[in-house]
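Everything numeric in this text was worked out from a predicted model, so none of it was measured.
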Amino acid sequence: MSQQAQTDYVWVQRNIDSCNNDFQFECIDIIIELFHKKHNKADFYMCLLQQRTAHWNTIHSILK
């Protein structure tokens, strides 16, 4: 993975971890798609989607 792709990947991961409401999750979905379009790394894209889903589930289990 290129240095730019790695930097972008870490940045997206940190943004996923900072999400705390549905609007932010909608925004991070767009950012994840943009990462995929820019770098075309399917395995990293899937990891970001999994991280997003896990974080969403954690946040929503706390809110119940």
Chemist: Would you give the length of the straight line joining atom NE2 of H36 to atom CZ of F44, rounded to the nearest 0.5 angstrom?
Modeler: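 If I round to the nearest 0.5 Å, the distance is 13.0 Å.
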Chemist: Just by distance, do the side chain of S61 and the backbone of T58 share a donor-acceptor pair under 3.5 Å?
Modeler: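 Between the backbone of T58 and the side chain of S61 there is a qualifying donor-acceptor contact (under 3.5 Å).
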Chemist: I'd like to check the side-chain contact (heavy atoms from CB on, under 4.5 Å) partners of A5; sequence neighbours left out, ordered by chain and number.
Modeler: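 For A5, the residues satisfying side-chain contact (heavy atoms from CB on, under 4.5 Å) (neighbours in sequence not counted) are M1, S2, H39.
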Chemist: What pairs of residues pass the salt bridge (Lys or Arg N to Asp or Glu O under 4.0 Å) test when at least one of them lies in residues 8-29, not counting sequence neighbours?
Modeler: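 For residues 8-29, and leaving out neighbouring residues, the salt bridge (Lys or Arg N to Asp or Glu O under 4.0 Å) pairs sorted by first residue read D8-K38, D29-R52.
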Chemist: Run the side-chain hydrogen bond (donor to acceptor under 3.5 Å, both in side chains) test against Q6 and tell me which residues pass, sequence neighbours left out.
Modeler: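 For Q6 there are no side-chain hydrogen bond (donor to acceptor under 3.5 Å, both in side chains) partners, ignoring immediate neighbours.
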Chemist: State which residues pass side-chain contact (heavy atoms from CB on, under 4.5 Å) with H55; sequence neighbours excluded, sorted by chain then number.
Modeler: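 I16, C19, F25, I59.
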Chemist: Going from NZ on K37 to OH on Y45, what distance comes out if it is rounded to the nearest 0.5 angstrom?
Modeler: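 Rounded to the nearest 0.5 Å, the NZ-OH separation comes out at 9.5 Å.
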Chemist: With rounding to the nearest 0.5 angstrom, report the CZ to CG distance, F35 to L48.
Modeler: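 One finds 5.5 Å between CZ of F35 and CG of L48.
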Chemist: Keeping to residues at least two apart or across chains, list the salt bridge (Lys or Arg N to Asp or Glu O under 4.0 Å) pairs with something in residues 39-49.
Modeler: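 Output for this query is empty, none listed.
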Chemist: Under the 4.5 Å side-chain heavy-atom rule for ILVMFWY, direct or indirect, which residues accompany L34?
Modeler: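 Answer for L34: I30.
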